[in-house]
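Inspection log for the structure reproduced underneath, given as structure tokens.
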Amino acid sequence: MSFSSRDFRDCLGQFATGVAVVTARANNGAKAGITINSFASVSLDPALVLFSVDQRAATHSLFAGECDRFCINILNRDQRDLSDLFSSPVQDRWEDLVFEDDCHGVPKLIGNLATFSCKRHAIHDGGDHSIIVGHVQDISMGNTGDPLLYYGGRYHSLGE
Ligand SMILES: Cc1cc2nc3c(=O)[nH]c(=O)nc-3n(C[C@H](O)[C@H](O)[C@H](O)COP(=O)(O)O)c2cc1C
């Protein structure tokens, strides 16, 4: 490789994204979630979306294993705390958190810009990540507002 890992990450950081929290419920009823910015739309018909999850993430075994349903919660600019919460090594990320279950019992966050309720469609090899493709079963548009953005390794808001 002609470039360092640091330079690669910095270069990737030039692509501005939104931020989402992917949530799921394990077989034992435990709630799980992870902050991601690897969300992408894939297909309109069928309705497919994807995200990638690091194989070293504690939640990897859930999203690439037992949890075949998940919600992708698109965060607004006022939900930065949720992004921090679901990307930090916190004992219980769900303590004191307000959420509701979708019709399949998957926890979804409240106050998002939008939520995609998905059934896992495919898992692809993505190097040190797994690419999870979800078949969208239901959608909800939440609060109108500005998205939480991530660019250059930092959060941003529209117009900043
Ligand atoms: C803005 C942002 C975007 C992130 N995007 C991803 C992502 O797309 N995939 C991923 O695996 N981790 C991503 N992470 C890192 C995870 O959120 C973080 O490693 C988390 O602690 C993993 O939790 P877990 O070990 O409990 O699964 C992102 C973190 C932030 C702050």
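Counting starts at 1 for both ligands and their atoms, following the listed order.
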Is the closest heavy-atom distance from F39 to ligand 1 below 4.0 Å?
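It does not; every heavy atom stays at 4.0 Å or beyond.
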Between [X] and ligand 1, does any nitrogen or oxygen pair lie at a separation below 3.5 Å?
X	value
S87	yes
S83	no
R93	yes
Y155	no
Y150	no

Could you measure the distance from the CZ atom of F8 to the CZ atom of F3? Nearest 0.5 Å is fine.
5.5 Å
What distance do N112 atom CG and L148 atom CG have between them, rounded to the nearest 0.5 Å?
11.5 Å
Contact atoms of ligand 1, heavy-atom distance to [X] under 4.0 Å:
X	value
F86	17 (O), 20 (C)
A57	25 (O), 27 (O)
D54	10 (C), 11 (O)
A58	24 (P), 25 (O), 26 (O), 27 (O)

Check: F63 ring centre within less than 6.0 Å of F51 ring centre:
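Yes; F51 has its ring centre under 6.0 Å from that of F63.
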Taking the six-membered ring for Trp, are F116 and F39 closer than 6.0 Å centroid to centroid?
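Between F116 and F39, the centre distance is under 6.0 Å.
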Can you tell me which residue and heavy atom of the protein come closest to [atom], and the distance to 0.1 Å?
atom	value
atom 27 (O) of ligand 1	T59 OG1, 2.6 Å
atom 9 (N) of ligand 1	S52 O, 2.9 Å
atom 8 (O) of ligand 1	S38 OG, 2.6 Å

Ignoring hydrogens, just give me the one of D84, L75, T35 whose non-hydrogen atom is nearest atom 30 (C) of ligand 1.
T35
Within-cutoff protein neighbour (heavy atom, under 4.0 Å) for atom 19 (O) of ligand 1:
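So atom 19 (O) of ligand 1 lacks protein heavy-atom neighbours under 4.0 Å.
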Would one find more than 12 heavy atoms of other residues, nucleotides or ligands at under 6.0 Å from atom CD of Q14?
yes
Do K108 and D101 sit within salt-bridge range, that is, some charged N less than 4.0 Å from a carboxylate O?
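Looking at D101 together with K108, the answer is no, because their closest N to O distance does not fall below 4.0 Å.
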Short N-O contact, R77 and D146, less than 4.0 angstrom
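Salt bridge present between R77 and D146.
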Are side-chain N/O atoms of Y155 and D84 paired as donor and acceptor at under 3.5 Å?
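Yes, because at least one side-chain N or O of Y155 sits under 3.5 Å from a partner of the opposite role on D84.
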Verify the distance criterion only: is there a donor paired with an acceptor across the side chains of H60 and S130 at less than 3.5 Å?
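S130 and H60 do have a side-chain donor-acceptor pair below 3.5 Å.
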Treating N73 as the side-chain partner and V21 as the backbone partner, does any N or O pair qualify as donor plus acceptor under 3.5 Å?
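Yes: the side chain of N73 pairs with the backbone of V21.
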